[in-house]
Structures are given as C-alpha cells and as structure tokens.
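Below: one structure in structure tokens.
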Protein chains: 2
Amino acid sequence: MAQPQIEELNLLHAHVCQALGVPTRLQILYALHDQPTRVNALAEMLKTPQSSISRHLAVLRQRSLVLAERNGTEVTYRLADDRIIEVLDLMRLVLRDALERQSNILN
Amino acid sequence: MAQPQIEELNLLHAHVCQALGVPTRLQILYALHDQPTRVNALAEMLKTPQSSISRHLAVLRQRSLVLAERNGTEVTYRLADDRIIEVLDLMRLVLRDALERQSNILN
DNA sequence: TTCATTTATTCGGAAAAGCGAATATATGAA
DNA sequence: TTCATATATTCGCTTTTCCGAATAAATGAA
C-alpha cells in the first residue's frame with residue numbers, strides 16, 4: 001500500500017485518537033512537549049512503574065505520536081510533532097467551554 | 001464542584017479523547033458536521049444497527065461532544081462545537097504527515 | 001386506549017486494553 | 001566475560017469496551 005485509502009486512514013485516525021484516551025499517556029505527551037525525556041525520568045515524574053511507562057511509550061510510538069532515540073542504554077523520547085499539543089490544547093479548550101456552558105445552565 | 005481541578009480536568013480530557021477512538025464515532029462526528037441528523041438516518045448512512053448508533057451517540061453526548069434535540073419521537077443530534085472537527089482534522093493532518101515521513105524513509 | 005414509529009436500554013458474551021511484578025534484552029564499562 | 005544500568009517484554013489477571021439482538025420506553029396519531 002503506497003497511500004492508505006480513506007477507509008483505512010479513518011481506522012488509523014481512530015487508532016491514534018484512542019491512544020490519547022488514557023490520562024497517563026496525556027501526561028507523557030505534555031511532559032515531552034516540555035522537553036525530550038528518558039523513560040526512567042518519566043516514570044519518576046509521573047510516579048508510575050517503569051514497565052507501565054514503557055508500554056505506554058510503545059503505544060505512542062506505534063501510533064506515530066512520539067519518536068525514540070537511543071544513546072547507550074538510555075532511550076530518550078520526544079514528540080513526533082508539536083502540533084499534537086495543539087490538538088490536545090484545542091480539545092481541552094473545547095471541553096472547558098462545554099463545562100462552563102453546562103454550569104451556566106445549572107445556575 | 002464549581003470548577004474542576006487540573007487533575008480532574010485531565011481525567012475528563014482523556015475521557016473525551018477516548019470517545020474519539022472508535023471509527024464509527026468519528027464517522028458520526030463528521031456526518032454531524034455536514035448537518036444535524038436523526039438517529040435512524042445515521043444508522044442507515046453508516047450501515048450500522050440502530051442500537052449501536054444510539055449507544056455511540058449516548059457516549060458522545062455524555063462527553064459533551066454532541067447535543068440532542070427531540071421533536072416528537074425523533075431526536076436530532078448535532079455537534080456541540082464545530083471546533084471538534086478542527087481538532088480531528090488537525091490530528092488527521094499530523095497523522096498523514098507522519099505516514100508520509102515514514103514512507104519516505106522506506107524509499 | 002391502542003397502534004405505529006423512533007430512540008434508548010438491557011442482555012450475554014467476546015475482544016481489547018489496562019495494570020504491577022517479574023523477567024528478558026541491550027548496551028557499555030570493567 | 002562479568003557486572004550494572006536502562007529499557008522492553010512477558011505473565012496473570014482484572015477491568016473496560018464493544019457488539020448485535022431483543023426489549024423497553026417515549027411520543028403522537030387514530
């Protein structure tokens with residue numbers, strides 16, 4: 001397959017979005033937006049077992065959201081594309097506005 | 001709770017993103033961007049059982065992504081916020097670019 | 001009330017995704 | 001080669017999510 005068909009792109013699209021549906025993975029993406037970070041550093045920052053972080057990173061890597069670079073035994077991850085944060089920020093803004101609208105209705 | 005805390009907003013954020021991780025739900029959102037649509041019409045358009053569409057719509061409604069309006073026995077759904085499509089389109093563009101980068105590497 | 005239509009919910013089961021602990025692998029230093 | 005460190009993967013297991021079919025609920029017309 002040279003270019004994925006629309007149907008298939010839709011599947012990939014959902015697959016990528018699904019990767020964003022876990023709080024720890026969102027935290028990882030925001031942390032990597034600050035700066036490229038090693039696996040252990042992420043595990044400490046997020047107070048999460050290393051195996052869990054590593055699995056989440058594998059998911060994010062498979063979905064083209066992050067890139068890995070090895071230096072010796074260390075592996076540093078970075079965002080594959082800063083626009084991912086734009087996506088997340090916009091989604092968060094939309095959510096925030098929706099919540100505000102709801103609370104206005106309640107008052 | 002008047003204003004959700006950051007921690008809680010993060011959970012909601014992931015919760016909303018998770019709703020985007022199913023192909024049929026993406027199709028629903030894009031269809032609703034074209035125009036507000038009734039449940040049965042969506043079911044026919046997407047060749048999906050009505051119960052399935054209705055469940056997906058309930059998920060999207062709970063996550064503030066769509067709004068429902070009842071007229072008699074019919075219920076018409078619409079996007080809660082057009083920026084949701086901006087989010088999806090930007091994510092799709094990022095994905096497309098990532099795929100292109102990968103195929104360049106392979107060639 | 002009864003009936004037809006539309007939508008929502010429940011049911012039962014299958015598939016997917018998550019987790020921490022433990023183990024395996026990879027790399028470089030000694 | 002042996003050891004230490006960093007990361008990846010596997011192992012059981014639990015929880016969540018999804019599905020189609022069937023049923024229930026809501027609405028309006030007759």
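First the proteins, then the strands, lettered A, B, ... as listed; each starts at 1. All of these numbers come straight from a predicted model, not from anything done at the bench.
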- Item | Side-chain donor/acceptor of Gln50(B) to base of dA8(C), under 3.5 Å |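 Answer is yes: a donor-acceptor pair is held.
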
- Does a side chain donor of either Arg78(A) or Gln35(A) reach within less than 3.5 Å of an acceptor in the other side chain?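 There is no such pair (donor and acceptor under 3.5 Å, judged by atom type) between the side chains of Arg78(A) and Gln35(A).
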
- Task: Using a strict 4.0 Å threshold on nitrogen-to-oxygen distance, state whether Arg96(B) and Asp89(B) make a salt bridge.
- Result: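 No.
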
- Output yes when Arg92(A) and Asp97(A) qualify as a salt bridge under the 4.0 Å nitrogen-oxygen rule, no when they do not.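 Salt bridge absent between Arg92(A) and Asp97(A).
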
- Query: NA contact type, Val59(A), heavy-atom cut-off 4.0 Å: base, sugar-phosphate, or nothing?
  - Reply: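 If one applies the 4.0 Å heavy-atom cut-off, Val59(A) turns out to touch nothing in the nucleic acid.
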
- Quick one: is Ser52(B) getting a side-chain N or O under 4.0 Å of the dG20(D) phosphate, OP1 or OP2?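 Yes.
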
Distances for protein N or O near nucleotides 24-30 of chain C N or O, under 3.5 Å:
none

- Would you say a side-chain N or O of Gln18(A) is under 4.0 Å from OP1 or OP2 of dA17(C)?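 Yes.
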
- For dA17(C), does OP1 or OP2 lie under 4.0 Å from any side-chain N or O of His56(A)?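 No, outside the criterion.
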
- Task: Choose from dC19(D), dT9(C), dG20(C) the nucleotide whose nearest atom is closest to any side-chain atom of Ser51(B).
- Result: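 The answer is dT9(C), which lies nearest to the side chain.
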
- Message: If you take any heavy atom closer than 4.0 Å to DNA chain C, which residues from residues 23-42 of chain B end up in contact?
- Response: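 Contacts with DNA chain C under 4.0 Å: Arg38(B), Val39(B), Asn40(B).
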
- Message: In whole Å, I'd like the distance from the CZ atom of Arg55(A) to the P atom of dT23(C).
- Response: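 About 16 Å, once rounded to whole Å.
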
- Among residues 74-81 of chain A, which residues get a heavy atom nearer than 4.0 Å to DNA chain D?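 Heavy-atom cutoff 4.0 Å gives Glu74(A), Val75(A), Tyr77(A).
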
